[in-house]
Amino acid sequence: MASSRSAVRVSEMEKMSLEQLKAVKEQADLELNLLQDSLNNVRTATTRLELASSALHDLSLRPQGKKMLVPLTASLYVPGRLDDADKVLVDVGTGYFIEKTMAEGKDYCERKINLLRSNFDQLVEVASKKKSVADEVGAILQAKLKQLSPST
């Protein structure tokens with residue numbers, strides 16, 4: 001079924017003018033670049049959540065009253081003391097935080113990681129289809145340009 005759709009798409013593209021093919025190629029390349037950016041963003045978010053989950057695990061192993069450095073930014077830390085290792089603040093986006101137990105915080109991270117991995121897999125599938133379309137258009141465009149160039 002997929003090969004018949006591809007054959008129909010190729011025959012339709014062969015009927016297009018050079019300008020139309022160039023426009024389709026540019027559009028496919030633009031969409032592919034946007035998908036690549038999305039893949040990178042999902043990969044980064046997954047890594048950050050995995051680090052947060054690991055930090056929650058490490059935090060759960062520390063005794064109450066333990067002195068530690070608390071990150072305010074990526075490069076600014078202030079001294080602090082672990083008051084209650086069973087309660088954590090979870091960043092749910094746009095500046096909102098929810099107090100959860102340690103187990104709920106770990107569960108939240110794991111659910112988000114699984115969701116992002118699922119989204120990543122779907123984006124990879126869409127990106128591969130877009131790449132094949134862009135490659136088909138590029139091949140047809142090259143063939144048409146070769147036909148139009150004077151043979152030597």
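FYI, the numbering just counts along the sequence from 1. Values below: every heavy atom of this structure, side chains too, minus hydrogens, waters and symmetry copies.
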Do [X] and [Y] belong together in a cluster built from hydrophobic side chains that touch within less than 4.5 Å?
X      : Y      : answer
Phe97  : Val92  : no
Leu82  : Val90  : yes
Val126 : Leu32  : no
Leu21  : Leu148 : yes

side-chain contact (heavy atoms from CB on, under 4.5 Å) assessment of Val137 paired with Met16:
CA-CA 10 Å; Val137 173; Met16 292 180 175; over 6 Å; no
Taking atom CD of Glu125 as the centre, does the number of heavy atoms from other residues, nucleotides or ligands within less than 6.0 Å exceed 12?
no
I'd like to know whether NZ of Lys106 has more than 12 heavy-atom contacts from other residues, nucleotides or ligands below 6.0 angstrom.
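Enclosed: over 12 neighbouring heavy atoms sit under 6.0 Å from NZ of Lys106.
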In Asp107, Leu59, Asp84, the residue satisfying side-chain contact (heavy atoms from CB on, under 4.5 Å) with Met102 is Leu59
Regarding Asn114 and Arg111, is there a side-chain donor-to-acceptor distance under 3.5 Å anywhere?
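Not at all, the side chains of Asn114 and Arg111 share no donor-acceptor pair under 3.5 Å.
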Hey, is the main chain of Arg43 close enough, under 3.5 Å, to the side chain of Thr47 for a donor-acceptor pair?
yes
Is there a donor-acceptor pair under 3.5 Å between the side chain of Glu99 and the backbone N or O of Leu89?
no
Would you compute the distance between atom [atom1] of [X] and atom [atom2] of [Y] and round it to the nearest 0.5 angstrom?
X      : Y      : atom1 : atom2 : result
Leu141 : Gln20  : CG    : CD    : 12.0 Å
Arg117 : Leu49  : CZ    : CG    : 10.0 Å
Leu56  : Glu104 : CG    : CD    : 12.0 Å
Tyr77  : Leu72  : OH    : CG    : 9.5 Å
Leu39  : Thr44  : CG    : OG1   : 10.5 Å
Asn119 : Asn41  : CG    : CG    : 12.0 Å

Residues 23-31 side chain polar contacts: donor-acceptor under 3.5 Å, at least two apart:
from	atom 1	to	atom 2	distance (Å)
Lys25	NZ	Asp29	OD1	3.4
Lys25	NZ	Ala134	O	3.4
Gln27	NE2	Glu31	OE2	2.9
Glu31	OE1	Lys130	NZ	2.5

Least distance between heavy atoms, [X] atom then [Y] atom:
X      : Y      : answer
Leu123 : Ser38  : CD1-CB, 3.9 Å
Tyr108 : Asp91  : OH-O, 3.9 Å
Ala85  : Arg62  : CB-O, 4.4 Å
Val42  : Phe120 : CG1-CB, 3.8 Å

Which residues pass the salt bridge (Lys or Arg N to Asp or Glu O under 4.0 Å) test with Lys22, sequence neighbours left out?
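For Lys22, no residue satisfies salt bridge (Lys or Arg N to Asp or Glu O under 4.0 Å) once neighbours in sequence are set aside.
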